[in-house]
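What follows is a short report on a single structure.
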Amino acid sequence: MRPFSLFLCILFLFIPRISLGENNDLLWLGYHRISDERTLEQYRNTVSAWMIEGDSETLRVAGEELQRGLDGLLGTSVPRVNRITRNGTVVAGTPGHSERIASMGLKKRLETLGEEGYLIVSDSIDNKKVLVIAANRDIGVLYGVFHLLRMMQTCRDIGRIELENSPETDIRVLNHWDNLDRTVERGYAGFSLWDWHRLPGYISPVYREYARMNASVGINGTVLNNVNANALILTPRYLKKVAALADVFRPYGIRVYLSARFSAPVETGNLKTADPLDEEVRAWWNDKAGEIYRYIPDFGGFLVKANSEGQPGPQDYGRTHADGANMLADALDPHGGIVMWRAFVYDNRVPEDRAKQAYNEFVPLDGHFRDNVLVQVKNGPIDFQPREPFHPLFGAMPQTPLMMEFQITQEYLGFATHLVYLGTLFKECLDADTYARGKGSTVARVIDGSLENKKISGMAGVANTGNDRNWTGHPFGQANWFCFGRLAWDPYLDAGDIAEEWIRMTFGNRNDMVYIIKNMMMASREIAVHYMTPLGLHHIMAEGHHYGPGPWVSSGRPDWTSVYYHQADSEGIGFDRTRSGSNALEQYHPPVRDLYENPETCPEEYLLWFHHLPWDFTMSSGKTLWEELCYRYYRGAENVVWLRNEWEKTKEWVDRERFEQVRMLLKIQEKEADWWRNACVLYFQSVSGKPIPEGLEPPEHDLSYYENLRFHYVPGH
Ligand code: BDP
């Protein structure tokens, strides 16, 4: 080697690794060396080698993960061994493949942990201290590996571990609203991850990383395409591409599902009808299912949006949602597949409050669905708003498995520009008490199946991923993906604990930094509610693209306008859903109904969701409703300044790239929060005729300025 090249090589060894975008790419699995020397010392003593017993693709990726994680966290190469010759060996496997594990007397404990559960225990073998990760199936071993690594990433004590863990729900899926041309409906992180054009020949390394990330938080399924589905996805040309993705995901325990277009038999099968009771149609779906399983033997099943927002469905033929779902369920059943049938349905020809329509259509069908059908229900009765009460269907269909549908992508929460941690939103819904079987009948217990002893359970999250370098557009969007997975696995986890895990895994373990960022995250959703839709307001965003405020939107189909939802006039504001109004409250069980029926006892955060009240209604603060509304809008916008100032404090701890990204985004968020506040306060003032309370700075423009803002090429639309 020439001296100059040698010099360059040596120099290269001493230059810190080029980290442009690296931290962002790695998401929460960066496995950075433990910075606290005492913890590092303890970990190095506890973990000195690893072995995985057995051989399968899943065990191989579990081994790769252990290698990568331990090497990174301990800052040294941790050897793989075949024999236990030293203290601190991690031994992972299943009793089926490992005699050592089979002989450890764990059988009884493993019996309760199912296909995906695992246990991690400190023990000794041949007088050597070991850490055992044991599971019934290989996938449980992989989940156990991620658990141990997470404990180390978050600096937990691993000196003496004794834990068991298994998921509370069966189906934990991301729903990608990705189109075949790679645009993503309501996606704000670039284009779709799926490179349909070059599949199946070209397998992007991103697919494997995607699978790792999901597996690390327990997600075990992915619906690849938009619920507004294109029937082409079910044709052989695309099924080959889907099969190629399924092959990459399989070792990580991730099954592939597809959104099925109900009219596919007509569009791609040349049939004259898609009537679910027609024999030819049923035969077409049976054959289609058989064909899919030839490509993808472990195909998960279909997600269906039918008779909603213009999508075809069984009602086009005078049939019910159950008829449609059951036809598909029958086709999938011999292969072990399931149907996730969405309850997000509403019809502009029905003069009913939109909040009531899903309940009205689905409750009569309870008990009519096949065993392999889950009805997938959005968290609230309208549409992923910054705040909604829980959907009344939860607790109203005792004989039907109900799946939760959360939206991780921030369609109504500032896109990928605003820092909004959704853990608190998800938990608010999961912890809500439906009273379906008396006190303690929480939504979490409905969806995990424990309340009514359901055979199958699940949770879906509308993904926020795209081909942006940081995956989610906003670095903090990563936390929402992470948090969704953790809650799908265990809906009883605490939103703050999950935030803290994510921060430690992503940014490191400095307690002062963790404290600041966690506070920001935990406050962030309430802040957004304040500057967008305080006091139970909802659906007042701009029309179509949904970017920014649009409380004045009044043309088009009524239930797509804002005035339909806020009902503001010179007298007052809010949607009356009590007995004197649409009586949507009737759909809730009595204690909830009674509490919300009375404006004096209705929680203020849902006040205008359920009540139309005069502007001078007295709030608990002693202020009038009008004043309170203004104060909340102003407080929300002010708190974004607080978020920005808090973030500045993290400058010396967070890597430059992410620090700067978040800083820039918070500046935009501040402007957009002011925009929301100004537009909404001015609009509501134009109907209330009341002055903006003293001490609050008047908006910089007049209402017509905000009403006339126009935007082109807004993402996700
Ligand atoms: C709405 C979105 C729309 C989706 C729809 C759905 O604006 O793009 O297609 O939900 O969930 O929130 O089907």
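Counting starts at 1 for both ligands and their atoms, in listed order.
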Measure centre to centre between the rings of [X] and [Y], then say whether the value is under 6.0 Å.
{"X": "F344", "Y": "Y346", "value": "yes"}
{"X": "Y210", "Y": "H176", "value": "yes"}
{"X": "F262", "Y": "W285", "value": "no"}

Mark up the atoms of ligand 1 that fall under 4.0 Å of a heavy atom belonging to [X], in ascending order.
{"X": "K378", "value": "5 (C), 6 (C), 10 (O), 11 (O), 12 (O)"}
{"X": "E309", "value": "4 (C), 5 (C), 9 (O), 13 (O)"}
{"X": "Y412", "value": "1 (C), 7 (O), 12 (O)"}
{"X": "D383", "value": "1 (C), 10 (O), 12 (O)"}
{"X": "F344", "value": "5 (C), 6 (C), 10 (O), 11 (O), 13 (O)"}
{"X": "R186", "value": "2 (C), 3 (C), 7 (O), 8 (O)"}

Protein heavy-atom partner closest to atom 8 (O) of ligand 1 - residue, atom, separation in Å: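 Ranking protein heavy atoms by distance from atom 8 (O) of ligand 1, first comes E185 OE2, 2.3 Å.
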Top protein contact for atom 2 (C) of ligand 1, by heavy-atom distance: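 Protein heavy atom with the smallest distance to atom 2 (C) of ligand 1: E411 OE2, 3.3 Å.
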Parallel, tilted or perpendicular: ring planes of Y588 versus F390, cut at 30 and 60 degrees: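 Judged by the thresholds at 30° and 60°, the geometry between Y588 and F390 is perpendicular.
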Shortest heavy-atom approach to atom 11 (O) of ligand 1 - which of K305, R342, H546, E405: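 Selected option, by shortest heavy-atom distance: R342.
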Give a yes/no verdict on a cation-pi contact between [X] and [Y], requiring under 6.0 Å between NZ or CZ and the six-membered ring centre and an angle within 45° of the axis.
{"X": "R182", "Y": "W196", "result": "no"}
{"X": "R319", "Y": "Y317", "result": "no"}
{"X": "K241", "Y": "Y238", "result": "yes"}

N228, any N or O under 3.5 Å of ligand 1 N or O: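 N228 vs ligand 1: N/O contact under 3.5 Å present.
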